[in-house]
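What follows is a single structure, written as structure tokens, with notes after it.
Atoms within a ligand are numbered from 1 in the order they appear, just like the ligands themselves. Keep in mind it's a predicted model, so treat the numbers as computed, not measured.
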Amino acid sequence: MSATYSEQAPAKINLFLHVTGKRDDGYHLLESLVCFTSVGDVLTGELREDGVITLNITGPMGKALTHEDTNDNLVMQAARMLQNETGTDLGADLTLDKRLPVASGIGGGSADAAAAIRLLCDMWKLDLDHQALSRIALSLGADVPVCLHGQTCLMSGIGDELTDLADLPPIPMLLINPGKAVSTPEIFKAREDEAFSQSGLWDTRQQFNSGAALADALSECGNDLTLSATSILPEICDVLNALAREEGCLLARMSGSGATCFGIYDTSEQAEQAANAIAQSYPDWWISATETLCQQARTLSNIGASFPD
Ligand code: C5P
């Protein structure tokens, strides 16, 4: 029986996101504190010797991708790029268990692409250096490098410059998506007339030991895409209000270009209570009580996740 490989694709959360400038090629310069959560997609795969790559998409959010050509999926693009780069004649049968809403500001496709790179480097025994991996990741999308990195960090440049920060402890978080996809380029375009934020506002030496301490520091920052996102999709305001109304929410904010928003709590009981209360009023929303992923948990889950039979 062939070995089965597995990789987590954790949701990426922009705890704050400042737009600090724009390049001549149209890409925006960002500064963003990024962390990951224990909720995410899961990519599994089995080795093929014939070079063929297949992708089967399952999971609760998989149906949102049924109208798309599987060949266009970022997982397939990542796999083909690794084949071209290395000349390997190996292939893979991949299965993506899609649990995160698509086009929702929490990395989804980027996290899947990063998981594909990790999984196939392991499965195909590829020995690509950091520079080559970063180049491949960035060519797949501005959020793929940070998802490949997979650790709490300050992201700058267009998403390609990553500064490691002290790891966060597991901080209770509630993620909510109103069930409507948003287009990232459209959101960036809609903020064309807005001013840029100053860069260097975040003190990278800070360490946090609780949700309250993190929320307090984050209150000095914001998400510069919120105004344009809410003008395109007003439901995002409903999500932010629903989060802020429930007891225990220390900070409610949109992630990335939306529409997913997060709340920060001191205890997981508070996050779960808020999740239950909001689900009663909005049964169609995607609601996930989770926590920030700390490096130790990630290492442990990966040990358990890669299991040659
Ligand atoms: O790189 P990715 O495909 O994720 O980006 C989608 C779109 O978002 C880009 O085509 C661009 O319009 C916008 N974007 C940007 N600046 C960034 C990241 C994305 O303007 N740093």
Side-chain angles (χ1 to χ4, degrees), residues 9-36 40-41 61 64-65 68-69 71-81 96 98 100-117 133-150 153-163 177 180-202 221-233 236 254-260:
K12 163 227 68 163
I13 307 298
N14 299 93
L15 291 168
F16 75 82
L17 191 156
H18 291 166
V19 181
T20 59
K22 193 178 176 189
R23 296 197 321 196
D24 291 343
D25 65 1
Y27 268 83
H28 292 79
L29 296 172
L30 308 175
E31 212 159 75
S32 178
L33 177 61
V34 176
C35 71
F36 297 87
D41 296 338
M61 294 293 162
L65 296 172
E68 281 183 15
D69 183 348
N71 279 306
D72 295 337
N73 190 284
L74 278 175
V75 167
M76 290 297 273
Q77 292 185 38
R80 280 196 301 268
M81 220 170 255
L96 177 63
K98 193 82 203 140
L100 301 175
V102 301
S104 71
I106 51 174
S110 306
D112 300 340
I117 294 173
L133 287 173
S134 303
R135 178 172 41 78
I136 292 170
L138 187 62
S139 69
L140 289 162
D143 273 345
V144 183
V146 78
C147 290
L148 188 60
H149 191 61
C153 63
L154 187 73
M155 180 177 99
S156 51
I158 63 162
D160 52 334
E161 293 168 26
L162 308 175
T163 307
N177 182 278
K180 288 187 183 155
V182 295
S183 149
T184 303
E186 214 182 305
I187 305 282
F188 273 104
K189 202 159 181 288
R191 75 167 306 285
E192 212 76 314
D193 297 330
E194 284 182 55
F196 295 124
S197 285
Q198 201 188 322
S199 60
L201 291 179
W202 188 254
C221 310
N223 182 331
D224 290 350
L225 298 178
T226 310
L227 202 60
S228 53
T230 52
S231 70
I232 288 170
L233 188 66
I236 294 170
M254 188 179 86
S255 177
S257 56
T260 307

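A142 and L138 make their closest contact through CA-CD1, 4.1 Å (heavy atoms, listed as atom of the first residue, atom of the second, distance). Nearest heavy atoms, F16 versus S32: O-OG, 2.7 Å.
Distance alone, capped at 3.5 Å, places no donor-acceptor pair between the T260 side chain and the G105 backbone.
To the nearest 0.5 Å, the span separating CE on M76 from CG on L96 amounts to 11.5 Å.
Under a cut-off of 6.0 angstrom, the local environment of CD in Q198 is sparse, with at most 12 non-hydrogen atoms contributed by other residues, nucleotides or ligands.
Relative ring orientation between H28 and F188 is described as parallel, the plane-to-plane angle staying below 30° on a 0-90° scale split at 30° and 60°.
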Which N or O atoms of ligand 1 sit under 3.5 Å from a protein N or O, and how far apart is each pair?
from	atom 1	to	atom 2	distance (Å)
ligand 1	1 (O)	Y27	OH	3.3
ligand 1	1 (O)	A142	N	2.8
ligand 1	16 (N)	H28	N	2.9
ligand 1	20 (O)	H28	N	3.4
ligand 1	20 (O)	H28	ND1	2.7
ligand 1	21 (N)	H28	O	2.9
ligand 1	21 (N)	I158	O	3.2

